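Down below is the structure, laid out as C-alpha cells.
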Protein chains: 2
Amino acid sequence: MSTRSRYGLQFMFELALHSKERPVLLRDIAERQNISEKYLSKLVIPLKSSGLINTYRGARGGYSLACEPKKITVKQIVDVLEGDASPVEDIQNPLNPTWDVWSGLDKAISDYLESINLETVVQNNRNRQFTYVI
Amino acid sequence: MSTRSRYGLQFMFELALHSKERPVLLRDIAERQNISEKYLSKLVIPLKSSGLINTYRGARGGYSLACEPKKITVKQIVDVLEGDASPVEDIQNPLNPTWDVWSGLDKAISDYLESINLETVVQNNRNRQFTYVI
DNA sequence: ATAAAAACTTACTATAATTGTCAAGAATAA
DNA sequence: TTATTCTTGACAATTATAGTAAGTTTTTAT
C-alpha cells in the first residue's frame with residue numbers, strides 16, 4: 001500500500017470528523033496529520049473527481065465529505081487513489097503459474113478493505129483516545 | 001505487491017517443479033517465465049542469504065530449493081524479497097488514526113500468504129493445465 | 001476591490017526497476 | 001595439471017515512477 005492511500009485515508013478521516021458543519025482547510029489537515037500540504041493537494045483531485053468529496057474554492061472554502069461516513073468504505077478510497085497504477089490484475093495473466101496466488105491476495109485485501117467504512121475508523125479512533133493517550 | 005515478490009515467487013515455483021534432480025539455470029527460468037535475467041539474478045541474492053535456496057556456481061551449476069516445497073510459504077518468500085523496504089509498520093505509529101486499518105490489513109495479508117506454500121502453488125498449477133490450456 | 005482558498009503547472013529528489021560489464025568459482029576435456 | 005567453458009556473483013550505470021516542493025492562476029465570500 002503506497003503513501004497515497006495512507007494519506008488519503010487520513011484526509012478522509014479528518015473530513016469525517018470535522019466537515020459536518022463547514023468545509024475544512026487542506027492546510028489544517030496537512031498540519032494536524034503531518035503530511036506535505038502540496039502532496040496532499042494532488043491526492044485530493046481524484047477524490048474530488050470520483051465524487052467522494054465536495055470542494056469549495058475561494059474565501060471560506062475547503063473540503064467536505066460528499067456523503068455520510070458510513071457510506072464510504074476504505075476500499076473506495078484506496079481504489080480511487082491507487083487508481084491506474086493498479087496492483088495485480090492488469091499485469092498478471094491467468095496463464096502465469098502464480099496468478100491464483102495474487103488474485104487470491106487481491107480478493108483477501110478487497111474483502112478486508114470493504115469491511116471498513118469511515119464511521120468505523122472514526123469510532124475506533126474515539127476508543128483509542130482513552131486507551132492510548134495519557 | 002512489487003514485481004520483486006511476483007518474480008521471486010515465479011522463480012521459486014520453477015525450482016519446486018524442476019530442481020528435484022539437478023540445479024536449474026537462471027537463464028532457463030528467466031526465459032520460461034519471461035523475466036529479465038539480470039533483474040532476476042539480483043532478486044536471487046536475498047533468497048540465497050535467507051537460506052531458502054541453494055546455489056551452485058560453475059559448469060552444471062544453478063539453483064535448487066533448500067527444502068521441501070511444502071515447508072516454504074509464500075509469506076516467507078515475500079518477506080525476504082520485500083525486505084527492509086517494508087510496508088506499513090515501520091512508518092505508521094499507533095497514534096495515527098488510521099493505524100488499525102493498516103495493521104489489520106497487514107494481518108489479513110500475512111494470514112493469506114502464510115496459508116499458501118509452494119506445494120499448493122504447484123498443485124494449483126497442475127489443475128490449471130487441464131482447465132485452461134487447450 | 002480584496003483577501004482567502006483550491007486548482008494548475010513546473011521542477012526537483014528519492015527509490016524501484018532494468019540493463020551491462022567484468023570477476024570468481026567449478027566441472028570437464030586435453 | 002592446465003586450458004576451456006559454463007555458471008553464479010559483484011559492481012556500476014541507466015531508466016521509470018513515486019514522492020515532494022514551489023510558484024502561478026482561478027474562483028469566491030466579504
Side-chain angles (χ1 to χ4, degrees), chain A residues 1-11 14-15 18-19 21-31 33-50 52-66 78 80-87 90-91, chain B residues 1-8 10-11 14-15 18-19 22-31 33-50 52-66 78 80-88 90-92:
Chain A
M1 212 52 52
S2 73
T3 63
R4 294 175 63 87
S5 294
R6 295 200 292 107
Y7 293 170
L9 181 57
Q10 290 176 241
F11 178 81
E14 285 279 336
L15 292 194
H18 300 118
S19 79
E21 326 239 303
R22 67 187 80 264
V24 182
L25 296 195
L26 185 66
R27 186 192 327 125
D28 292 345
I29 295 182
E31 202 168 288
Q33 299 288 331
N34 247 315
I35 304 173
S36 147
E37 184 182 340
K38 287 300 181 184
Y39 187 41
L40 194 53
S41 77
K42 288 178 76 169
L43 301 188
V44 146
I45 295 169
L47 290 173
K48 165 64 189 288
S49 52
S50 73
L52 289 176
I53 62 174
N54 295 318
T55 73
Y56 307 93
R57 304 172 75 160
R60 292 179 65 84
Y63 300 89
S64 70
L65 286 188
V78 169
V80 164
L81 291 170
E82 232 60 35
D84 43 334
S86 91
D90 294 352
I91 315 157
Chain B
M1 212 55 49
S2 72
T3 61
R4 296 174 62 87
S5 294
R6 295 200 292 109
Y7 293 169
Q10 289 177 241
F11 178 81
E14 284 280 336
L15 292 195
H18 300 117
S19 78
R22 67 186 82 265
V24 182
L25 295 195
L26 186 66
R27 186 192 328 124
D28 292 345
I29 295 181
E31 201 168 290
Q33 299 288 331
N34 247 314
I35 305 173
S36 148
E37 184 181 341
K38 285 298 174 185
Y39 188 42
L40 194 54
S41 76
K42 289 181 72 172
L43 301 187
V44 146
I45 295 170
L47 291 174
K48 165 65 190 291
S49 51
S50 72
L52 289 176
I53 62 174
N54 297 128
T55 73
Y56 307 94
R57 302 171 78 160
R60 294 178 63 83
Y63 299 88
S64 70
L65 286 189
V78 169
V80 165
L81 291 170
E82 232 59 35
D84 43 335
S86 91
V88 182
D90 294 351
I91 315 158
Q92 296 264 119

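By convention in this document, chain letters (A, B, ...) are assigned in the order of the sequence lines, proteins followed by strands, and residues within each chain are numbered from 1. Just so you know, these numbers come straight off a predicted model, no measurement behind them.
Interface residues of residues 38-48 of chain B facing DNA chain C, ordered by number: B/K38, B/Y39, B/K42; criterion, heavy-atom separation under 4.0 Å.
Interatomic distance, CD of A/E14 versus CD of A/Q10, reported as 8.5 Å (0.5 Å rounding). Separation of atoms CZ (B/R4) and CG (B/L47) is listed at 9.0 Å; rounding is to 0.5 Å.
In this structure, A/L26 places its CG atom 11 Å from C1' of C/dA7, rounding to the nearest Å. Rounded to whole Å, atom C1' of C/dA26 lies 16 Å from atom CG of B/N54. Taking atom OH of residue B/Y7 and atom P of nucleotide C/dA16, one finds them 16 Å apart after rounding to whole Å. With rounding to whole Å, B/R22 atom CZ is found 15 Å from D/dC6 atom C1'. Protein atom CD1 of B/I35 is 12 Å distant from nucleotide atom P of C/dT19, rounded to whole Å. Nucleotide D/dG9 holds its C1' atom 15 Å from the CG atom of B/L25, rounded to whole Å. Spacing between atom CZ of A/R27 and atom P of C/dA3 amounts to 15 Å, rounded to whole angstrom units. Residue B/E37 contributes atom CD, which lies 10 Å from atom P of D/dT7 at whole-angstrom precision.
Residue A/S2 places none of its side-chain N or O atoms closer than 4.0 Å to OP1 or OP2 of D/dA18. Residue A/T3 has a polar side-chain atom (N or O) positioned under 4.0 Å from OP1 or OP2 of D/dG19. The side chain of B/R4 places no N or O atom within less than 4.0 Å of a non-bridging phosphate oxygen (OP1 or OP2) of C/dA17. Contact check, A/Y63 against C/dA7: a side-chain N or O comes under 4.0 Å of OP1 or OP2. For B/S36 and C/dT19, the shortest distance from a side-chain N or O to OP1 or OP2 is below 4.0 Å.
Of all the heavy atoms in B/S41 and B/L26, the pair that sits closest is CB-CD2, 3.3 Å. The two residues A/V24 and A/I29 have their closest heavy-atom pair at CG1-CG1, 3.7 Å. Residues B/L25 and B/G62 share a closest heavy-atom pair of CD2-CA, 4.4 Å.
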Short heteroatom pairs, N/O only, protein and nucleotides 27-30 of chain C, under 3.5 Å:
| unit_1 | atom_1 | unit_2 | atom_2 | d |
| --- | --- | --- | --- | --- |
| C/dT28 | OP1 | B/R60 | NE | 3.4 |

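The side chain to side chain contact (heavy atoms under 4.5 Å, CB included) test with A/L43 singles out one residue from A/L81, A/I35, A/T3, and that residue is A/L81.
Within 6.0 Å of the CD atom in B/E37, the count of heavy atoms belonging to other residues, nucleotides or ligands exceeds 12.
Sorted by first and then second residue, the pairs that involve residues 53-64 of chain B and meet side chain to side chain donor-acceptor pair (under 3.5 Å), not counting sequence neighbours, are B/K48-B/T55.
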